[in-house]
Amino acid sequence: MKSERLTAEILNLSYTIESGQPLTFYGDYRNGSDQITYPVGGALVTARFAHMGDKVVIDARSSNGKSVKDEITSRFRLNDDIQTMYESISTDKKISAAIRQFRGMRVTKNEPWETSVCFIISQFNNLKRIRGIIKNMMERFGDPICSFDEETRYSFPSAEALSNARIEDIMRCGAGFRAKYIKSAAKYCTENLDLESISKLEYADLKEELMRIDGVGDKVADCIALMGYGKMEAFPVDVWVKRSMEKMYFKGKKKGVKDIHAYASGKWGEMAGFAQQYIFWYGRSNF
DNA sequence: ACCCAGGCGGGCG
DNA sequence: CGCCCGCATGGG
């Protein structure tokens with residue numbers, strides 16, 4: 001099948017991909033190329049984004065020839081009313097500045113298992129290393145899909161594959177002390193928990209279920225809820241969001257995570273997670 | 001060399 | 001409960 005064309009508005013590819021979101025875990029984004037590739041469903045998706053002002057034309061295809069329209073639409077949340085979302089989180093000058101700087105950055109909606117692994121790895125870690133670890137794990141534990149740019153591309157490792165892996169082999173990917181969490185989570189998600197079946201739960205119940213996974217605490221559960229299940233009210237509070245929130249809204253005074261959650265929830269409600277992505281990246285880029 | 005990174009689990013008071 | 005500590009690893 002030839003590539004399919006989709007259109008969107010206010011979607012900045014580089015901000016979206018580079019701002020630390022899964023897309024396993026970075027796609028293969030070539031800076032300036034406006035193209036990404038990423039594995040899904042045992043195939044490799046290729047998508048080109050042509051930006052023309054606020055309009056974006058997306059040409060996408062899959063290595064297996066199947067339609068990718070639904071995949072792209074879901075992944076980049078193209079059915080969201082982005083204008084209304086901006087209006088609802090533009091509550092003050094502080095966040096408006098963040099939105100202005102990174103206008104078009106979207107919160108993506110990725111597969112729950114991949115999102116879980118990505119954010120288990122993210123703990124006490126940095127983006128550069130996270131990307132490397134994910135890449136190593138895909139090459140070691142994923143299945144080869146096809147060759148692209150003279151390089152073999154792999155699927156994201158299944159929970160089954162990782163539940164059978166040896167911890168020391170996961171560590172060899174650079175995962176460090178998180179390797180035991182990954183294996184444990186993989187076992188739990190193959191034997192005790194169906195990540196698909198909990199997608200129908202409300203945010204609070206979903207988060208509670210996710211926190212039963214070894215290596216998933218409050219912050220990682222919020223990340224999985226937001227970027228793996230599309231729960232826009234989730235507001236992950238990491239060190240950057242904490243710092244940014246304290247600076248932006250608490251006159252630089254130290255605040256507990258609970259206070260920050262409560263404040264964000266009251267201010268942005270159902271769209272708190274969308275606001276969070278801007279606060280996170282704004283803080284990382286400017287503070 | 002030293003510090004830190006999209007935190008979490010476990011142990012202690 | 002809330003607090004505090006160790007934790008693998010590599011880049012700045």
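Throughout, protein chains are lettered first and strands after them, A, B, ... in sequence-line order, and every chain is numbered starting at 1. Everything numeric here is computed off the predicted structure, so don't read it as measured data.
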Parallel, tilted or perpendicular: which one describes the rings of A:Tyr86 and A:Tyr278, with boundaries at 30° and 60°? perpendicular
Output field: ring centroids A:Tyr29/A:Tyr38 closer than 6.0 Å: no
What verdict does the salt bridge (Lys or Arg N to Asp or Glu O under 4.0 Å) test give for A:Arg243 and A:Glu246, after you've listed the backbone C-alpha separation in whole Å, the side-chain angles of each residue and the deciding distance to 0.1 Å? CA-CA 5 Å; A:Arg243 272 178 212 155; A:Glu246 287 165 351; over 6 Å; no
Taking atom P in both B:dG6 and C:dG2, compute the distance separating them and give it to the nearest angstrom. 27 Å
How many angstroms lie between CZ in A:Arg172 and CG in A:Asn136, if you round to the nearest 0.5 Å? 12.5 Å
At under 4.0 Å between heavy atoms, what does A:Ser19 touch on the DNA or RNA strands: base, sugar-phosphate, or nothing? base
In whole angstrom, give me the gap between the P atoms of C:dA8 and B:dG11. 15 Å
More 5' along DNA chain B: A:Ala221 or A:Arg243, using each one's nearest nucleotide? A:Arg243
I'd like a list of close polar pairs between nucleotides 8-12 of chain C and the protein, N/O only, cut-off under 3.5 Å.
{"unit_1": "C:dA8", "atom_1": "O4'", "unit_2": "A:Phe177", "atom_2": "N", "d": "3.1"}
{"unit_1": "C:dA8", "atom_1": "N1", "unit_2": "A:Phe124", "atom_2": "O", "d": "3.4"}
{"unit_1": "C:dA8", "atom_1": "N1", "unit_2": "A:Arg178", "atom_2": "NH2", "d": "3.3"}
{"unit_1": "C:dT9", "atom_1": "O4'", "unit_2": "A:Arg129", "atom_2": "NH2", "d": "3.4"}
{"unit_1": "C:dT9", "atom_1": "O2", "unit_2": "A:Arg129", "atom_2": "NH1", "d": "2.9"}
{"unit_1": "C:dG10", "atom_1": "O4'", "unit_2": "A:Arg129", "atom_2": "NE", "d": "3.4"}

Answer with yes or no whether the hydrophobic clustering places A:Leu195 together with A:Tyr203; edges join I, L, V, M, F, W, Y residues whose side-chain heavy atoms lie under 4.5 Å apart. no
Quick one: label A:Ile121 by what it contacts on the DNA or RNA (base, sugar-phosphate, nothing), any heavy atom closer than 4.0 Å. nothing
Any chance you could encode DNA chain B as dot-bracket? Rule is Watson-Crick or G-U wobble with both distances under 3.5 Å; [ ] for pairs crossing earlier ones, | for another strand. .||||.|||||||
Evaluate whether atom CZ of A:Arg5 has more than 12 neighbouring non-hydrogen atoms of other residues, nucleotides or ligands under 6.0 angstrom away. no
Closest non-hydrogen contact found for A:Ala275 with A:Ile95 is CB-CD1, 3.6 Å
Min and max contacting nt of DNA chain B in 5' to 3' order, chain A heavy atoms within under 4.0 angstrom, are B:dA5 to B:dG9
A:Tyr15 side chain to A:Gln277 side chain, donor-acceptor N/O pair below 3.5 angstrom: no
Do we see a donor-acceptor contact under 3.5 Å between the side chains of A:Gln276 and A:Asp222? no
Ring of A:Tyr263, cation from A:Lys255 - is the NZ or CZ under 6.0 Å from the centre and inside 45° of the axis? no
